[in-house]
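For reference, positions follow the sequence shown, starting with 1. Note that these values count all heavy atoms, side chains included, but never hydrogens, waters or copies made by symmetry.
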Amino acid sequence: MLLDLRHMDAEQRLQSDVCIVGGGTAGLVIAMELEAAGIACVVLESGGLDVEEASRDLNRGSSAGEIDYQFGDGCRSRFLGGSSNCWGGFCRAFEPSDFERRSWVAHSGWPIGYAEFQSYVQKAHQWLKLGPVNYDPAHWVAAIGRPDVQRFPLAGTGLMDAVSHFSPPVRFGRDYRRRLRDSRLITVVLHANVVRFDSTPEGDVLESVLARSLNGRQLSVSAERFVLAAGGIENPRLLLACSPQRPEGLANRNGLVGRYFMDHPRVQVGRLHMHGDWKRSKLYDIKFNYHHRHMAAAGTKVAGQVMPTPEVRERLGLTNSVMWLCSVFPGEGTPQAEALFRAKQRSLGHRAWDESVLQDIRTVMAAPLTSLRFVGGRVVPRLSPAPYLDLACVAEPVPNPDSRVTLGEARDALGIPRAQVEWRMGEQEKHTIDTGHRLFADFLQTRGVGRAELPPPLSGQPWPASLERQGTWHHMGTTRMHGSPRQGVVDVNCRAHDCKNLYVAGSSVFPTVGANYPTVNLVALAVRLSDHLVRSFRQAGEPAPLRDAAMERSAVSS
């Protein structure tokens, strides 16, 4: 069932088995998994069914620290489906070393093992409409069977290659809307912004949440269990701001909520000149492998990346990372290219359709030949070939307790303090990127594949202008999972250490975050959390009778 708080009675109450705060990827997967087990839930979604400026504004906040981190617009979608509305579809499951405690990576190690996690990846593939759980580059190159899709000869170089899969991409609020609308056990309430958690005086049991729409309608939801699934920035913001019984923040007795914030740093530096047939290779070039029909087999589209081997990472003290190539077509970096990029972002709902549209149109028309060459290089590369390629790298950040989400001084339209994000990274991330680039340049030269022109090393220097100030749109780590309440916000089952019936879902629970691509991994954890919730209900005695969550409404006083 789909409801809209803006159009409900002034004061409403719902009661359900589970209340889920956040209608993004993790929240909706959990709702539908619980539905399949006969468990009713209410999902509170802050936005509506599409982009709305008033809802988008609630994402905005401030950046603190050395890096001017841009997290308000574009990289989050505050409407049903959450960040699935603005992701590119890249998927790659965590590898075994991502779960291990690594002596050279501070605060590393998961309280669950790779084998247990891997048992949920198949179900995650199904939710994301992916193909088989097979990330072997040799398999996919052989299955694709094209002469312009060939692997680099990396043996003995300290490097290895990997592949990621592409979800179509699934837009959860669109692709599963009919199921949500028709469900008798799932009630999705749109435009329902949580403004208060009401718990017992000790704060160890959550009793209800209060949601408010921007037009002033209010809704109280009580439940047996609550799941916070609002994203890596909103999860800590709500916990810190919305608990009158716990002024320091709900589930925050040890001051860990909001700490260990991570995003994957992405840097595009280094100019590559490929030799011979490698000039036409598509496997590792994002301009040609991104959702490309030539990079598909048996209905699965893939893309190739290069990364240091686990042995090299351990020997040289590196975090995980991936590298890829990016053809640079004529017109790249011009005002026309930037205007065309903004037009594409608007068409995908990542940017607002504002007064700058006319200016962008004028910019494109002011240099039509440049605009045409830029578009032609992407659509028909033979007509406008790329003279060189860039080398791009995304690195795994080191968990850092001083990299964090806190509450700023400004407040949003609901009176909630806006988020302030201090994104901190150190020398280890720079060392990882520098080493990867150097290994790749050595490989090109020694194997006759090409040559690289690399800039000065990042180590010991401020982050360069080429560091993407929006990161990779991956907001992670702020309610990290750990067996000890002194080192994590949630336990091995994603339950808050300090609140018996509050769970947290999404990438905010990641202790470490791998090289890239969190979505398939957070979906796997969402399926795992759903299984735990189902077991917990059954161990306590199944809800009897199972009920339609929307049937237990009653008026409440203000």
Side-chain angles (χ1 to χ4, degrees), residues 21-25 45-48 50-88 173 191 193-195 214 228-242 257-258 261-266 338 341-357 360 397 403-425 463 465 467-479 506-508 518-519:
V21 178
T25 299
E45 166 53 45
S46 171
D50 209 338
V51 180
E52 299 168 5
E53 180 55 29
S55 293
R56 185 202 297 267
D57 180 69
L58 301 176
N59 282 337
R60 295 176 179 137
S62 58
S63 175
E66 174 189 352
I67 300 171
D68 181 21
Y69 187 53
Q70 304 298 310
F71 62 89
D73 291 331
C75 57
R76 290 192 284 166
S77 296
R78 205 176 183 110
F79 58 100
L80 188 65
S83 293
S84 74
N85 293 302
C86 62
W87 76 310
H191 298 104
N193 302 279
V194 169
V195 296
L214 288 171
L228 181 57
I233 293 175
E234 288 301 298
N235 281 351
R237 180 192 179 210
L238 293 174
L239 291 172
L240 292 172
C242 300
V257 169
F261 173 79
M262 290 175 279
D263 195 344
H264 290 106
R266 176 169 54 196
E338 294 172 1
F341 176 77
R342 286 191 293 271
K344 180 179 179 181
Q345 294 294 298
R346 292 187 189 98
S347 71
L348 296 173
H350 301 169
R351 295 178 63 95
W353 290 88
D354 51 25
E355 63 276 2
S356 65
V357 173
D360 283 344
S403 181
R404 60 189 301 198
V405 176
T406 57
L407 301 178
E409 295 183 2
R411 292 178 179 265
D412 65 19
L414 295 161
I416 306 299
R418 293 186 182 274
Q420 177 174 276
V421 182
E422 183 171 0
W423 185 25
R424 288 195 182 192
M425 293 181 293
W463 283 98
L467 173 71
E468 295 281 352
R469 259 47 187 183
Q470 289 186 335
T472 45
W473 306 4
H474 305 157
H475 311 130
M476 306 169 289
T478 49
T479 60
S507 56
S508 70
T519 303

Looking at His264, is its backbone amide N or carbonyl O close enough to the side chain of Thr472 to form a donor-acceptor pair, meaning the two atoms are under 3.5 Å apart? yes
Please report the closest heavy-atom contact between Gly47 and Ser55, naming both atoms and the distance. CA-OG, 3.9 Å
Under a 3.5 Å distance rule, please check whether Ser403 uses its side chain to pair with a backbone N or O of Glu422 as donor and acceptor. yes
Just by distance, do the side chain of Asn59 and the backbone of Asp73 share a donor-acceptor pair under 3.5 Å? no
Value rounded to 0.5 Å, distance of CD in Glu338 from CG in Asp360: 9.5 Å
Is a donor from one side chain sitting under 3.5 angstrom from an acceptor on the other, for Asn235 and Ser508? yes
One pair to check against side chain to side chain contact (heavy atoms under 4.5 Å, CB included): Arg60 and Leu58. What are the steps and the verdict? CA-CA 6 Å; Arg60 295 176 179 137; Leu58 301 176; over 6 Å; no
Go through the steps to decide whether Asn193 and Ser46 satisfy the test side chain to side chain contact (heavy atoms under 4.5 Å, CB included), and finish with yes or no. CA-CA 5 Å; Asn193 302 279; Ser46 171; 2.3 Å; yes
Could you point out which residue of Glu52, Glu234, Glu45 forms a salt bridge (Lys or Arg N to Asp or Glu O under 4.0 Å) with Arg78? Glu234
For the residue pair Ala413 and Leu214, what are the closest heavy atoms and their distance? CB-CD2, 4.0 Å
As a test of understanding, state which of Pro518, Cys75, Ser83 forms a side chain to side chain contact (heavy atoms under 4.5 Å, CB included) with Trp473. Cys75
Sub-3.5 Å donor-acceptor pair from the side chain of Asp263 to the main-chain atoms of His475, do we have one? no
Distance, nearest 0.5 Å, that separates CE of Met425 from CD of Glu66: 8.5 Å
So which heavy atom on Ser63 is nearest to which on Tyr69, and how close? OG-N, 2.9 Å
Compare every heavy atom of Gly232 with every heavy atom of Val405, then report the nearest pair and how far apart it is. CG2-O, 4.3 Å
Should Asp57 and Arg418 count as an ion pair when the cut-off is N to O under 4.0 Å? yes
Does Arg411 use its side chain to pair, donor to acceptor, with the backbone of Glu409 at less than 3.5 Å? no
Would you please test Ile233 and Arg76 for side chain to side chain contact (heavy atoms under 4.5 Å, CB included) and show each step? CA-CA 10 Å; Ile233 293 175; Arg76 290 192 284 166; 3.8 Å; yes
Spacing of CE belonging to Met262 relative to OG1 belonging to Thr478, to within rounding of 0.5 Å: 8.5 Å
Might you point out which heavy atoms bring Ala241 and Ile416 nearest each other, and give the distance in Å? CB-CG2, 3.9 Å
Between Val194 and Cys242 the two heavy atoms that sit nearest each other are O-SG, 4.2 Å
Spacing of CZ belonging to Phe71 relative to CD belonging to Gln420, to within rounding of 0.5 Å: 8.0 Å
